[in-house]
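Naming: A, B, ... by sequence-line order, numbering from 1 per chain. Any value given below was found using the heavy atoms of this structure, including those in side chains, with hydrogens, waters and symmetry copies removed.
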Amino acid sequence: MKSDTIVNGLLIWYDKHKRDLPWRKTLDPYKIWISEIILQQTRVDQGLPYYTKFIDKYPTVHDLASAPIDEVLRLWQGLGYYSRARNLHRCAKIVVENLDGNFPAERSSLLKLPGVGPYTSAAIASLAFGKREAVVDGNVIRVIARLYGIKEDISEQKTINGIRAIADELIPSKRPDLFNQAIMEFGALFCTPNSPTCDSCIFMDICDARSSSMVASIPFKSKKVKKRSRFFNYLIINIQEKYYLRKRGEKDIWQGLFEFYLLETQSDLPFDQLDLPIGLSRNSRFWKITEESKTYKHLLTHQTIFCKFYEIKFTQEIGLDMMNWEEYSLYSEEEIELLPKSILIDRYLGEKII
DNA sequence: GAGTCGTGGGG
DNA sequence: TCCCCAAGACT
């Protein structure tokens, strides 16, 4: 029976090859939840330091729920996909205020929490509460697609549903958590996206993709990401040892993070073609450009951002009330250090000091 | 279903 | 340099 071979093989493999990771030493739903949110679309190597930081700073869900959102985002800084941090905070508040500080044990209940979707709900139910809920993440999709020779497009939901049905069949009722961990770890360390370790694979005799020489083309994904280019011009406006920043709003990248005065243009323009804010254009004799950066190229999944920074220092004090700075406010350097910022801005500030 | 949301590492 | 994609979720 192929399924028995797969299940037993994965469990034996896992026992031998599993990594020693902190969230595997606990059954605390809070810690497992934190780890699962951090690891969404994120490699263990990148997420591990953040897990340590979060557990250290917020040992319980109560600590996290009572923290200011800006502090949570600042701790998340550099990890990306910042909606995860915002939902993490929202979720902690819900658990504390509506659920008496306890995470639900049922997958259907977990699914209602913000930031907890099909994968994470199954992971928490299984790993923290021992439920027989099969996880379907990128690793599971890849391992099952190869073992069973599934050549259909994994961009389509029906393909994923088929893979989920197989996972639901495979997962044993005894220690389902171990099976979930094992198949994910196997995909992460052995049955990797490129150059998997087929030559010493325990499944080399039963793997459909290997026998049909399709390993490199399974799983197949049709969707291609379209990238657009954007041009950011940041004005670092220095007035009396303070700087203008704002919190980025909804429906764009870096929601909730702080940034300097932004002039976005449709192309790469020189400074004298920028549409300066009224407070600058009206008082041009009171300031000068003290620094002009190189062009930073910042890559995101769907965007390429070309960014320049201009440091603008007021040489004379002027009445701040005569400036229209919209949603921007003044912050000192010490305050800026504590604000959550994008890696792009953080990188510039880091290189500036040196 | 399609598009969007980060950052870093690897081929 | 460029493309892929990584323990997904939300709109």
Side-chain angles (χ1 to χ4, degrees), chain A residues 14 18-19 21 23-24 32-51 73 76-88 90-91 110-124 126-127 133-143 153-161 164 167 177 180-189 191-196 216-217 219-230 248-257 296-305 340-347:
Chain A
Y14 181 64
K18 65 181 171 190
R19 287 171 287 184
L21 300 171
W23 48 85
R24 290 181 177 161
I32 290 172
W33 165 66
I34 294 268
S35 74
E36 292 301 338
I37 302 297
I38 286 177
L39 291 173
Q40 287 170 7
Q41 299 289 281
T42 304
R43 290 185 173 79
V44 167
D45 289 344
Q46 190 186 3
L48 180 55
Y50 286 84
Y51 173 82
L73 281 168
W76 196 272
Q77 178 177 302
L79 198 50
Y81 285 144
Y82 296 93
S83 65
R84 289 185 294 170
R86 298 192 302 272
N87 285 332
L88 192 81
R90 283 178 54 203
C91 184
L110 288 162
L111 209 40
K112 296 174 182 168
L113 297 172
V116 178
Y119 163 76
T120 307
S121 58
I124 297 174
S126 159
L127 304 185
E133 300 281 3
V135 297
V136 178
D137 72 333
N139 291 310
V140 176
I141 291 169
R142 186 169 58 254
V143 171
D153 190 352
I154 63 164
S155 297
E156 296 182 11
Q157 193 57 45
K158 61 182 180 184
T159 308
I160 302 301
N161 290 341
R164 173 173 291 107
D177 57 322
N180 279 337
Q181 296 267 27
I183 191 169
M184 287 193 288
E185 191 81 333
F186 183 74
L189 298 181
C191 194
T192 49
N194 25 262
S195 54
S217 47
F220 167 71
K221 186 161 69 174
S222 65
K223 266 198 248 174
K224 310 274 189 247
V225 286
K226 284 184 199 161
K227 279 201 178 185
R228 64 177 172 131
S229 293
R230 300 175 74 176
R248 284 184 65 89
E250 297 179 8
K251 296 186 175 179
D252 201 354
I253 56 173
W254 301 327
Q255 184 185 335
L257 305 192
Y296 287 78
K297 185 179 181 181
H298 191 78
L299 302 171
L300 293 82
T301 305
H302 292 80
Q303 302 179 21
T304 300
I305 295 172
K341 302 168 291 293
S342 69
I343 282 297
L344 173 60
I345 286 179
D346 206 50
R347 180 174 300 148

Rounded distance in Å - [atom1] ([X]) to [atom2] ([N]):
| X | N | atom1 | atom2 | answer |
| --- | --- | --- | --- | --- |
| H298(A) | dT7(B) | NE2 | C1' | 7 Å |
| I37(A) | dA7(C) | CD1 | P | 16 Å |
| L111(A) | dA9(C) | CG | P | 8 Å |
| Q255(A) | dA9(C) | CD | C1' | 14 Å |
| K112(A) | dC10(C) | NZ | C1' | 18 Å |
| I305(A) | dT4(B) | CD1 | C1' | 13 Å |
| Q46(A) | dA7(C) | CD | P | 12 Å |
| Q41(A) | dG8(C) | CD | C1' | 5 Å |

Dump the pairs, protein N or O against N or O of nucleotides 1-5 of chain C, anything under 3.5 Å, distances to one decimal.
from: dC2(C); atom 1: OP2; to: K297(A); atom 2: NZ; distance (Å): 3.3

Would you say the side chain of [Y] lies within less than 4.5 Å of the side chain of [X], judging by non-hydrogen atoms?
| X | Y | answer |
| --- | --- | --- |
| Q40(A) | R84(A) | yes |
| F220(A) | I154(A) | no |
| Y296(A) | L344(A) | yes |
| Q77(A) | K341(A) | yes |

For [X], report the nucleic acid contact type (base, sugar-phosphate, nothing); a contact means any heavy atom under 4.0 Å.
| X | result |
| --- | --- |
| S155(A) | nothing |
| W76(A) | nothing |
| L79(A) | base |
| G47(A) | nothing |

Any idea which of [options] is nearest the [X] side chain?
| X | options | result |
| --- | --- | --- |
| I253(A) | dG8(B), dA7(C), dG6(B) | dG6(B) |
| R347(A) | dG8(B), dG6(B), dA7(C) | dG8(B) |
| T42(A) | dG6(B), dC5(B), dG8(C) | dG6(B) |
| W254(A) | dG8(C), dT7(B), dA7(C) | dT7(B) |
| S342(A) | dT7(B), dA7(C), dC5(B) | dT7(B) |
| L300(A) | dA7(C), dG8(C), dG6(B) | dG6(B) |
| H302(A) | dG8(C), dA7(C), dC5(B) | dC5(B) |

Y50(A) and W76(A) aromatic ring geometry - parallel, tilted or perpendicular at 30°/60° bounds | tilted

Quantified in whole Å, what is the P atom distance between nucleotide dG6(B) and nucleotide dT1(C)?
-> 24 Å

In whole angstrom, give me the gap between the P atoms of dC5(B) and dA7(C).
-> 22 Å

Using side chain to side chain donor-acceptor pair (under 3.5 Å) as the criterion, list what pairs up with R19(A), not counting sequence neighbours.
->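 R19(A) satisfies side chain to side chain donor-acceptor pair (under 3.5 Å) with E185(A) only.
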
Among all residues two or more places apart in sequence or in another chain, which pass the side chain to side chain donor-acceptor pair (under 3.5 Å) test with S126(A)?
->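 So S126(A) forms a side chain to side chain donor-acceptor pair (under 3.5 Å) with N180(A).
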
Position toward the 5' end of DNA chain C (nearest nucleotide), M184(A) or N87(A) = M184(A)

Please tell me which of P114(A) and L39(A) maps to the more 5' nucleotide of DNA chain C, matching each residue to the nucleotide holding its nearest heavy atom.
-> L39(A)

Near-ring test Y82(A)/W254(A), centroid separation under 6.0 angstrom |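 No, ring centres 6.0 Å or more apart.
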
If you measure from CG on L257(A) to CD1 on I343(A), what distance do you get to the nearest 0.5 Å?
-> 9.5 Å

Note: for D252(A) and Q157(A) on DNA chain B, the residue whose nearest nucleotide lies more 5' is Q157(A)

Heavy-atom donor-acceptor pair, Y81(A) side-chain to dG6(B) base, under 3.5 Å =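 For Y81(A), whose side chain was compared with the base of dG6(B), there is a donor-acceptor pair (under 3.5 Å).
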
